[in-house]
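For reference, the structure is listed below as structure tokens.
Just so we're on the same page: letters track the sequence lines, and every chain starts at 1.
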Amino acid sequence: MSKNIIIKCEDLHHTYPSGVSALQGVDLAIAEREIVGVIGQNGSGKTTLVKHFNGLLKPTSGQVFVKGINTREAEIKEISRHAGYVFQNPNHQLFAGSVRKELEFGPANIGMSAEEIEERVRLAADFFGLEEFLDENPYRLSFPLRKTVGIASIYAMDPEIFILDEPTTGLDYTRARMVAALIKKLQDEGRTVLIVSHDMMLIAECCTRVIVLWNSRLIGDGTPREIFGNRELLEKTNLAPPQIFRMAEEIGLQHNGKTPLSVDEAVEAVERGERAG
Amino acid sequence: MNNMQLIANYVPGKSFFHRLHPSTKIIWVLGALLTVFFIKDPLIIFAFLVVVLVLIKASNTFATYRASLMLLLPIIFGLIFFQIVAPAFPKPWTPLARLGPFVLYNEGVYSALVLSLRIISVASFALLFIMTTYPGDLFTTMRMWGVPYEISFMVTTTIQLIPILQKEMNIILSAQRSRAMQASGFSALLPSIIPVFAGAIERVRQMSMTLESRAFGSSGKKTSIRQLKMGTLDYTLIILTIIALIGIFYLLWINQGFDRSQQMIFPAPAAIILFLGSIIGFFGILVLFARRIKN
Amino acid sequence: MTTTEAKLVKRPRIPTTYIVALIPVAAALNIVGSTINAALRLPTFLDMIGTAVVAMTLGPWWGALAGLITNIGIAIIRNPVSLPFALCNMVGALVWGYGIRWKMGKSFGRLLILSMFVGFFVSLTAVPIYVLVFGGATGHFGDMLTATFVAMGQRLWVSVFSSNILVSFTDKIISTFVALAILGALPKELTSHLELVEQKNLKTVIWITLGIVVGIAALLFIMFTNIAG
């Protein structure tokens, strides 16, 4: 399978003006349509890393290429057409008098025509189920809805790459599952998604690949199963695999010869009575 | 960005000035303010400034002081420019030189010196007070002087909120730039400012409930963890200050503020250099500030 | 509607703790507003928007308190020299507060006039401070305008007032409409008693402001040239 690399980091270093070194030599290549989970403890450098992917941060040394654009040489405005960054707290970006205006903001900034904007807003409202709220003030909506509007406002810009920072924080279980379903939908549309999260269940359920950051370095890269099965790595980084994975591992439950990652897989495994042999 | 400016100017230390009671220092600052505003001799004000600078050096606060004083420079340069061409003295003025549409006056150079030294010295003395007074002690003193607790509470909260909201603002600017917002100009104004305000005001409800649950506004005498006592030294100094002030004002009154604007004659080249220097300084400092904001 | 109901709509009872919490937030926002202004490199100040929001929602005197607290805060963390300008901030709050109470927010035109009144009274308070204490300087680009007026032969205080009123109109008109947009994002219980015009597109407001300010500037130039000649 030939893979088109969409994001590439070469020996990426980042030191903040305060002197704190947040990234020390990260090499990474992400292919189109990959769903990549970025995990690590607070302060491990994961947010710093993904902020390089839409030009919010520029490398102190090394290079970052997004769709072949060297982020050093491009403005955020240019890169954000390709890589959409959804911030953790929707309150940090909602400002317009209505959801519709909120959704129009990004597309208008990247110079879409009026018809294109209307079409993108319609698609975004449809994709995220926001049609009935289009004329509401976003500040009068509930927090989960605001969070949805936040993601939708990026979706309206039609970027190939989505960077989601803690997409499930502050959401209840049902809403968090909806986010997982949305990510799968983004994947079906052929988009590349990066998820920075502490929600291991979400990572296990959605991601095709997981990278682990620890002390400003990339120390793990593999499928969710490989990463969550690597006890040594997890202990070092103080991360815990999803509970269902741990339980399945403990009791030796297997799904198609592998440890189940999601509740659905575990249920199937139990029904089939598949065990590690 | 400019977080450095926003941290309170207090510099911990144990110098003589640090150890004085805030009340004593406030009386000194007010006394200095009144005195300096009535003195019209630049040399006396300059001498006072030198004394303040020595005190600042002695209390180890010079670095903070310098950074804070930088903010005053544009206004000082502007002041020198305007005063040279339009002195704050009754006419007639003695012309020294002419540059394009501007006539430079002797009284102008004189009043430029007086006004700028006045502002710098009062600001320096007030900064010395701020730099050597623990903010909490300042609020305790405010309450001692009968300022309602609510007021000092609000001032403290404001100061604590500024760096928090500043950080929020930086996140918001990043979030909006990720949506391809313009980096400058009015089109970026509402997307930047509304989230900051709306977010901060949402915070108010929580703060209000916290205050409610801690019985804010209940009657009864409030106690304080930090104890502040007026020492013998403080009382002695306050009494001496008041006596000195009476003496100073008597002197100022009989000498009419030591106005020497008619005796001091400045050479024309000095006026021209000062005038051109103020223009260069004004633009230079504004460009410098603009650069600093950009980075 | 019965009288009690009418009263309820008019002035919501806002708990003291809410006020005590809102005022410092507004004061801090005044300061953050000026930082945003600098970050976006705008020719305005935007350092009284918190005051405007409080004056409009809680009333003129609470707004004035927010203005006072702002300048005490700036004096402590930045520079004590800014303390006299507390007066301007308070005057602005009173005009905004009473203006909204006297139904000056009901239509776009009225709100525009109100914001010009704010600008006028703030200038009226600021100019004596600038002239007497700071020798006519403000330390901003507006000083160039003052210098131009002085060069045209105007007296210092006339020049300072003329340049300051232009800067002040620009700043206060934009601040007022930004505050209006902010009110739209605030909880209903704070804003339901206000009679306010619908939010206006800021671009329109900026063009109108530009028109007004350029018009006044032209008028001043003509006046000053004639007086000088």
Is atom [atom1] of [X] surrounded by more than 12 heavy atoms (other residues, nucleotides or ligands) closer than 6.0 Å?
{"X": "B:R205", "atom1": "CZ", "value": "no"}
{"X": "A:M178", "atom1": "CE", "value": "no"}
{"X": "A:Q63", "atom1": "CD", "value": "yes"}
{"X": "A:E75", "atom1": "CD", "value": "no"}
{"X": "B:K57", "atom1": "NZ", "value": "no"}
{"X": "A:K101", "atom1": "NZ", "value": "no"}
{"X": "B:F46", "atom1": "CZ", "value": "no"}

Quiz item: Got a second to check how far A:N91's CG is from B:I194's CD1, nearest 0.5 Å?
Solution: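 Between atom CG of A:N91 and atom CD1 of B:I194 there are 13.0 Å.
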Is chain B contacted by the side chain of [X], its backbone, both, or neither, given a heavy-atom distance below 4.5 Å?
{"X": "A:E102", "value": "both"}
{"X": "A:L56", "value": "side chain"}
{"X": "A:Y85", "value": "both"}

Quiz prompt | Side chain to side chain, A:K77 and B:Q182, heavy atoms closer than 4.5 Å | solution =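 Side-chain contact under 4.5 Å: yes.
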Quiz prompt | Backbone of A:Q93 reached by a side-chain donor or acceptor of B:Q176 within 3.5 Å | solution = yes
Self-check item: A:N109 side chain to B:R179 backbone, donor-acceptor under 3.5 Å
Solution: yes
Quiz prompt | B:I171 to A:H92 - nearest heavy-atom pair and separation | solution = CG2-ND1, 3.4 Å
Quiz prompt | Residue pair A:F87 / B:S178: nearest heavy atoms and the distance that separates them | solution =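 Heavy atoms of A:F87 and B:S178 come nearest at CE1-OG, 3.5 Å.
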